[in-house]
Each structure stands twice: as C-alpha cells, then as structure tokens.
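Everything below concerns the one structure shown next.
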Amino acid sequence: GQAPATSEELDQQLRSLLGDSGMARFKQYSQELPARTTVDLLDGQLGADKLSDEQRTRLFAVVNAEPFDLTHGITGDLDQAFFGSPSQVDAYLSQIAGSNQRVLQQAADFLSPEQVAALNTVLTNGITARITQAAAFTQKH
C-alpha cells in the first residue's frame, strides 16, 4: 500500500490544480472556515432571532482573529492536540476556553444577551464534540 500523502505533497497537488492565486484563495478560505462555521452554527441555534448582516460580519471578524489552531475544531476537524498526554490535552482545552471567552466578551458588544448565550452553547458544544471525537478515536487504537 501507498503511504498517506504528507501535507506538503497535498499542498503541491493542490497548487498544481489551483495555481498560485487559487492556492492563496483556498488557504484563506480554509483559515476562515472556523469563523464561517461559528456564524452559521450560531444562526442555526438562534432560530427566528437571526443575526443581522452587521452582526455576522463582526462575529466573523472576532472569531477569525483568534488563532486557527484554537478555532478549527469547530468545523469538525480532527484535532491532533487531543492525542497528546492528559496534561497536554488539559492545557490545550484551557487555551480553547480562553479563546472562547475572548470571543464571547467581544461579541457581547454587538450581540443581545440571548445571542451571546446561544454563542456560548455553540462554542461549548464545539469543545464537547472534539473531546468525544478524540476519545472515540483513541479507544479504537
């Protein structure tokens, strides 16, 4: 069997498919995915009380400003950090919690209290899903 492709090999394949400007756009899109996902999940959580365009734009900017390695798990990405030692996992979880707190504090400036509470649920569910996924994955091996 073939060895799985490294991320460098995948990058090269993508670059040859997309070209340099396409690759740059793809990378930007990938980096923005956690912010897009957070906004969409929150909108889904809010039901009728949807975000305004301005709220969507501002929340996107707030989440997008956070480190990608702390936000990307919200998209369902498998998170390598959860395969470290328990103390590494704990340290990582507290970093994510810190990131979530920063997002919630800033969002409180332009979201209603109900919307902030819904955002907190979305972010908390994101962490829970990652822990569950990592636990299931670790038990299989």
Side-chain angles (χ1 to χ4, degrees), residues 1-15 17-141:
Q2 277 191 312
T6 63
S7 60
E8 285 83 32
E9 289 170 329
L10 288 173
D11 268 3
Q12 284 170 348
Q13 288 171 6
L14 271 174
R15 193 175 293 280
L17 280 172
L18 302 173
D20 284 340
S21 66
M23 188 69 183
R25 276 202 302 274
F26 174 75
K27 278 206 171 342
Q28 183 185 1
Y29 177 79
S30 304
Q31 290 288 319
E32 290 175 351
L33 213 49
R36 285 179 206 277
T37 304
T38 304
V39 171
D40 289 345
L41 288 170
L42 176 56
D43 242 0
Q45 185 86 21
L46 289 172
D49 186 22
K50 291 273 182 263
L51 296 169
S52 69
D53 286 344
E54 188 203 348
Q55 287 176 321
R56 289 181 70 94
T57 304
R58 291 183 68 178
L59 180 59
F60 176 88
V62 165
V63 178
N64 208 40
E66 286 297 310
F68 180 77
D69 63 325
L70 298 181
T71 59
H72 75 103
I74 194 103
T75 64
D77 252 0
L78 196 61
D79 219 322
Q80 288 308 317
F82 282 110
F83 303 107
S85 69
S87 63
Q88 286 170 315
V89 172
D90 284 348
Y92 182 63
L93 281 173
S94 70
Q95 287 181 310
I96 294 174
S99 168
N100 287 350
Q101 283 311 118
R102 285 193 299 273
V103 168
L104 289 164
Q105 280 168 351
Q106 294 172 72
D109 290 342
F110 56 87
L111 296 181
S112 72
E114 295 75 23
Q115 289 172 326
V116 172
L119 177 59
N120 187 36
T121 302
V122 164
L123 295 174
T124 307
N125 289 350
I127 293 184
T128 313
R130 277 179 266 187
I131 296 170
T132 311
Q133 183 187 34
F137 193 85
T138 326
Q139 279 158 6
K140 276 189 228 137
H141 292 268

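Just so it is clear, the model here is predicted, and its values are computed rather than measured.
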All side chain to side chain donor-acceptor pair (under 3.5 Å) counterparts of E66, not counting sequence neighbours |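 Scan of E66 (side chain to side chain donor-acceptor pair (under 3.5 Å), adjacent residues dropped) gives S99, R102.
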With D20 via side chain to side chain donor-acceptor pair (under 3.5 Å) - residues at least two apart =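 For D20 the side chain to side chain donor-acceptor pair (under 3.5 Å) partners, ignoring immediate neighbours, are R15.
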Pick one: which of L119, T71, T75 meets side-chain contact (heavy atoms from CB on, under 4.5 Å) with T38?
->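 The residue from L119, T71, T75 that satisfies side-chain contact (heavy atoms from CB on, under 4.5 Å) with T38 turns out to be L119.
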Rounded at 0.5 Å granularity, tell me how far [atom1] in [X] sits from [atom2] in [Y].
{"X": "Q31", "Y": "F26", "atom1": "CD", "atom2": "CZ", "value": "10.5 Å"}
{"X": "I74", "Y": "I127", "atom1": "CD1", "atom2": "CD1", "value": "8.5 Å"}
{"X": "Q106", "Y": "R58", "atom1": "CD", "atom2": "CZ", "value": "10.0 Å"}
{"X": "L59", "Y": "S52", "atom1": "CG", "atom2": "OG", "value": "10.5 Å"}

Close side-chain approach of [X] to [Y], heavy-atom, < 4.5 Å:
{"X": "L93", "Y": "R130", "result": "no"}
{"X": "N120", "Y": "V116", "result": "no"}
{"X": "L33", "Y": "R36", "result": "yes"}

Tell me, please, which residues at least two apart from S85 pass side chain to side chain contact (heavy atoms under 4.5 Å, CB included).
->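 Result, side chain to side chain contact (heavy atoms under 4.5 Å, CB included) vs S85: S87, Q88.
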Can you check side chain to side chain contact (heavy atoms under 4.5 Å, CB included) on K27 and D11, steps first, answer last?
-> CA-CA 10 Å; K27 278 206 171 342; D11 268 3; 3.4 Å; yes
Side-chain donor or acceptor of Q13 paired with backbone N/O of L10 under 3.5 Å =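 Side chain of Q13 to backbone of L10, a donor-acceptor pair under 3.5 Å: no, none is there.
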Any donor-acceptor pair under 3.5 Å from Q115 side chain to S112 backbone |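 Answer holds: yes.
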Could you tell me whether D109 atom CG has more than 12 heavy atoms of other residues or ligands within 6.0 Å of it?
->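 Yes.
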Can you list, pair by pair, the side-chain donor-acceptor contacts under 3.5 Å of residues 39-48, counting residues two or more places apart and other chains?
unit_1: D40; atom_1: OD1; unit_2: R56; atom_2: NH2; d: 2.9
unit_1: D43; atom_1: OD1; unit_2: L51; atom_2: N; d: 2.9
unit_1: D43; atom_1: OD2; unit_2: R56; atom_2: NH1; d: 2.4

Which residue pairs satisfy the ring-ring contact (aromatic ring centres under 6.0 Å, His included) criterion with at least one member in residues 35-71, sequence neighbours excluded?
->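 Only F68-H72 qualify under ring-ring contact (aromatic ring centres under 6.0 Å, His included).
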Which pairs pass ring-ring contact (aromatic ring centres under 6.0 Å, His included) with one or both residues in residues 105-126, sequence neighbours excluded?
->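 Found none.
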Which atom pair, heavy atoms only, marks the closest approach of L123 to V103?
->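 In this case the closest contact between L123 and V103 is CD1-CG1, 4.2 Å.
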Apply the test side-chain hydrogen bond (donor to acceptor under 3.5 Å, both in side chains) to residues E8 and Q12: give CA-CA distance (whole Å), side-chain angles for both, the deciding distance (0.1 Å), then the verdict.
-> CA-CA 6 Å; E8 285 83 32; Q12 284 170 348; over 6 Å; no
